Amino acid sequence: MKVLVTARMPEEVLSLIGQDHQVESYDADPPIDRQKLLRSIADKEGLLCTITDRIDTEVLDRALALKVIANYGVGFEHIDIDGASQRGIPVTNTPGVLTETTADLAFALLLATARRVVEGDKRVREGKFQYWAPLLFLGQDVSGKTLGIIGMGRIGKAVARRAAGFGMKLIYHSRTRLSPIEEQELWLSLKPLETLLREADFVTLNVPLTPFTRHLIGSRELELMKPSAYLIHTARGPVVDEAALVVALRQGQIRGAGLDVYERESELCPGLADLENVVLLPHVGSATVETRTRMALMAAENLLAGLRGDPPPNCLNWAELMRNPA
Ligand code: DGY
C-alpha cells in the first residue's frame with residue numbers, strides 16, 4: 001500500500017514501513033507544506049504525520065483511499081478526529097513514550113528561570129563576568145517553594161515526581177482527582193484553580209489543548225499569581241493568552257516565565273523576545289534522540305496495524321469507529 005510520511009524520520013522507521021509498503025517520504029526541513037500535503041494524500045492508504053500538519057476536512061476530502069492516520073506526537077488537536085471517524089479512518093498518537101522527556105524539559109525551564117541560567121550564560125560570553133560578589137546575579141530558591149501543577153495526567157505526574165525530589169511543596173488542579181494513595185505518595189493536594197494560582201511560586205501547565213483549556217491562563221489568572229511567581233509552559237501555546245502574558249511580564253505582575261510552546265508557532269507575540277525575564281525554547285519538549293526514535297517507532301507500529309486492518313495499539317477513535325462503522 002502507499003504511505004505518505006510528512007517529515008524526516010529515522011531511517012530504521014522508513015525501512016520498517018518500506019518492508020511491505022511503498023513509502024513517499026518528505027525527507028527535508030521544514031516538513032511538508034500544505035499544498036504538497038494536499039497533492040500527495042490523494043492516492044495514499046497510510047499517513048504518518050506530525051503535529052505541524054493540519055489534517056482537516058480539506059485534507060480528509062482528498063484522502064479517499066486513506067485507512068489510517070498515525071500521528072507522530074501525543075497532542076492531536078491538529079487532526080479532525082470526528083471527520084476521520086465519519087470516514088471510518090482510525091487516528092493514532094504516541095502517548096507515554098515522551099512523558100519523562102517532556103517533564104525533564106519542564107524542570108529544565110523551571111530551574112533555568114529561577115536561577116537565571118540563560119542570562120548568566122550570556123553575561124559570561126559577553127565578557128561581563130568580572131568578579132564574584134555576595135549580591136550579584138541572585139536568583140530564587142527552588143527547594144522549599146510551592147509548585148502548582150495544572151493538569152495531572154502522565155506529564156503532570158512526572159513533573160510532580162521531579163519536584164518532590166527537589167523538596168518542593170506540591171499542589172495541583174485537574175479535571176480528575178488522583179486516588180488518595182497517589183496524592184499521599186507525593187504529598188499532593190488538590191486546589192481550585194484560583195487558589196493554586198494565588199499560592200504557587202511556580203506554575204506548570206500540563207494540559208492538552210481543548211476548547212476548555214484555550215486561554216486557560218489569561219490576564220485575570222496572571223493577576224491572581226504572586227508577583228514573585230514563574231509560569232512554566234510546555235503544553236500547547238494557545239493554553240496561554242500570550243499577549244496578556246507579555247503585559248504581565250512587562251509590568252512585573254509575575255517574575256518570569258519559561259516557554260517551550262507559543263500561541264501561533266512559530267511566530268512570537270510582539271515584545272516577548274525583548275523581555276529578560278523569560279526563557280524561550282523552540283518546542284523541544286520531546287526532542288531527545290531516544291524519545292524521538294521511540295515516538296517514530298510507535299507511530300510506525302500504529303500505522304502498520306491500521307494498514308493491516310487490525311486495531312492500532314494507540315487508537316484515539318477506535319470505540320467511535322466500532323460504535324458507528326462508516
Ligand atoms: C507532542 O507529542 O504532542 C509534542 O508536543 C511533540 O513534541
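As the structure is a prediction and not an experimental result, all values here were calculated from the model. Remember, it's 1-based here, ligands and their atoms both numbered in the order they're listed.
Among the candidates Arg154, Arg294, Lys157, Arg161, the single residue satisfying the salt bridge (Lys or Arg N to Asp or Glu O under 4.0 Å) test with Glu100 is Arg161.
Looking only at protein heavy atoms, the nearest one to atom 2 (O) of ligand 1 is Val74 N, 2.5 Å. Of the protein's non-hydrogen atoms, the one nearest atom 3 (O) of ligand 1 is Arg236 NH2, 2.5 Å.
Atom CD of Glu276 is surrounded by 12 or fewer heavy atoms from other residues, nucleotides or ligands within 6.0 Å. Summarising the local packing, CG of Leu136 is surrounded by more than 12 heavy atoms from other residues, nucleotides or ligands at distances under 6.0 Å.
Polar contact check, Met295 against ligand 1: no nitrogen or oxygen pair lies under 3.5 Å apart. Of the N or O atoms in Gly75, one or more lie within a sub-3.5 Å distance of an N or O in ligand 1.
Checked for salt-bridge contact, Glu242 and Arg264 miss the test: no charged N lies under 4.0 Å from a carboxylate O. A salt bridge links Arg34 with Asp56: the closest approach of a Lys/Arg side-chain nitrogen to an acidic carboxylate oxygen falls below 4.0 angstrom.
Atoms of ligand 1 lying under 4.0 Å from any heavy atom of Ser286, numbered from 1 in the order shown and given with element: 6 (C), 7 (O). Close approach of ligand 1 to Gly73 (heavy-atom distance below 4.0 Å) involves ligand atoms 1 (C), 2 (O). Set against the non-hydrogen atoms of Leu98, the atoms of ligand 1 under 4.0 Å away are 2 (O). Atoms of ligand 1 found under 4.0 Å from any heavy atom of Arg292, numbered from 1 in the order shown, are 7 (O).
With contacts defined as side-chain heavy-atom distances shorter than 4.5 Å, the pair Leu197/Ile217 qualifies.
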